[in-house]
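Remarks on the structure that follows.
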There are 2 protein chains.
Amino acid sequence: MNLAADRAEAPSKARLRLWLRLLKTTRGIEGVLRERLRTEFGTTLPRFDVMAALSRAPEGMRMSEISGRLRVSNGNVTGIVDRLVSDGLARRVPAPGDRRAAVVRLTALGRDEFERQAAAHEAWIDELLSGIGAEASGRIDRALDALAEEETV
Amino acid sequence: MNLAADRAEAPSKARLRLWLRLLKTTRGIEGVLRERLRTEFGTTLPRFDVMAALSRAPEGMRMSEISGRLRVSNGNVTGIVDRLVSDGLARRVPAPGDRRAAVVRLTALGRDEFERQAAAHEAWIDELLSGIGAEASGRIDRALDALAEEETV
DNA sequence: GCTTGAAACTTTAACCTTGAAATAAATTCG
DNA sequence: CGAATTTATTTCAAGGTTAAAGTTTCAAGC
């Protein structure tokens, strides 16, 4: 019964290998997305992420809501939104009843622009992940979901 | 005939969901690793990555080998190695027979330091991925492996 | 030998990122 | 009310990241 020994040793090694694979895969895909966003739309992944969050919130989002959703620091979002605003894609409006806060919203231009980017983005993902069948996709999704549960999230 | 439309639509959505999950998971884990490397070792993930590459090359690596292995830009590695060198963890030695190039090597201090970091890192990964069993781990690994094959890699 | 093109790096400009400090407004509470 | 605390956001310093441009050296080919 070397099965017992295998069970004791394998998981740690398998996990480290899995992590490196996970990292390599996501970095590879992120790299492709970043490059295409740059060459085809003249934008960046962080900007796309912020616009994606905003596009789901027609009423707008506060800075802290954006940073919370994207799990990045507050100061980070300040700069990205600054650039979005100076490009006419987003707008800061005073938050009603709280003079400290502002609500960020996409402009009409921002919505149009994001529509185009999102359509391309979805097609790219479909292309880049085409190697994974629907069943495998579902299995991975559930496995990672279980993982997400235990983190602070 | 909405079956045809469904077949055309569903996999794409599943893949997009999978991608977002993949991204969330790896970013979450990377965030934990980055924070622990910072608080417990006063270093960063990029520095750890470079040191990990160097630790596998006792003879040292050229700058372009490092950037190629890590799939980051050349200019990027320049800065990271600069800081490693100024901290006494690595050293640039002239490449024999090529005055353009230098070979980067870990110093004795760098090797010691990396040993400690690597041990902690492996334990952290084991902890963070503990929610995934060995079988699931293997399955995900193979699915992502199939994916990696088709990319430029 | 010289010139031309490729290769190995570094530099630069612009952006992203974080954690910590600073500002300012809202809230709590004595 | 007024002080202390908390909350929302920006600013700052240091580092990471890329693509593009610049420098130096090597390798061919004439």
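Throughout, protein chains are lettered first and strands after them, A, B, ... in sequence-line order, and every chain is numbered starting at 1.
Listed by first then second residue, pairs satisfying ring-ring contact (aromatic ring centres under 6.0 Å, His included) with a partner in residues 65-100 of chain B number zero, not counting sequence neighbours. Pairs passing the ring-ring contact (aromatic ring centres under 6.0 Å, His included) check and including a residue from residues 36-88 of chain A, sequence neighbours excluded, read A:Phe48-A:Phe114, A:Phe48-A:His121. The salt bridge (Lys or Arg N to Asp or Glu O under 4.0 Å) pairs that include a residue from residues 42-60 of chain B are A:Arg27-B:Asp49, B:Arg47-B:Asp87, where partners are two or more places apart or lie in different chains. Counting only residues at least two apart or in different chains, ring-ring contact (aromatic ring centres under 6.0 Å, His included) contacts with residues 74-106 of chain A are absent.
Scanning for side-chain contact (heavy atoms from CB on, under 4.5 Å) contacts around B:Arg91 gives B:Val93, B:Arg105, B:Thr107, with sequence neighbours left out. When the side-chain contact (heavy atoms from CB on, under 4.5 Å) test is applied to B:Glu65, the partners found at least two apart in sequence or on another chain are B:Met61, B:Arg62. For A:Ser73, the side-chain contact (heavy atoms from CB on, under 4.5 Å) partners two or more places apart in sequence, or in a different chain, are A:Asn76.
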Task: Nucleic acid footprint by protein, nucleotides 7-19 of chain C - heavy-atom cut-off 4.0 Å, B for base, S for sugar-phosphate alone - done: BSBBB---SSSBS
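First and last contacting nucleotides of DNA chain D toward chain A (any atom under 4.0 angstrom from a heavy atom, 5' to 3' order): D:dT7 to D:dA19.
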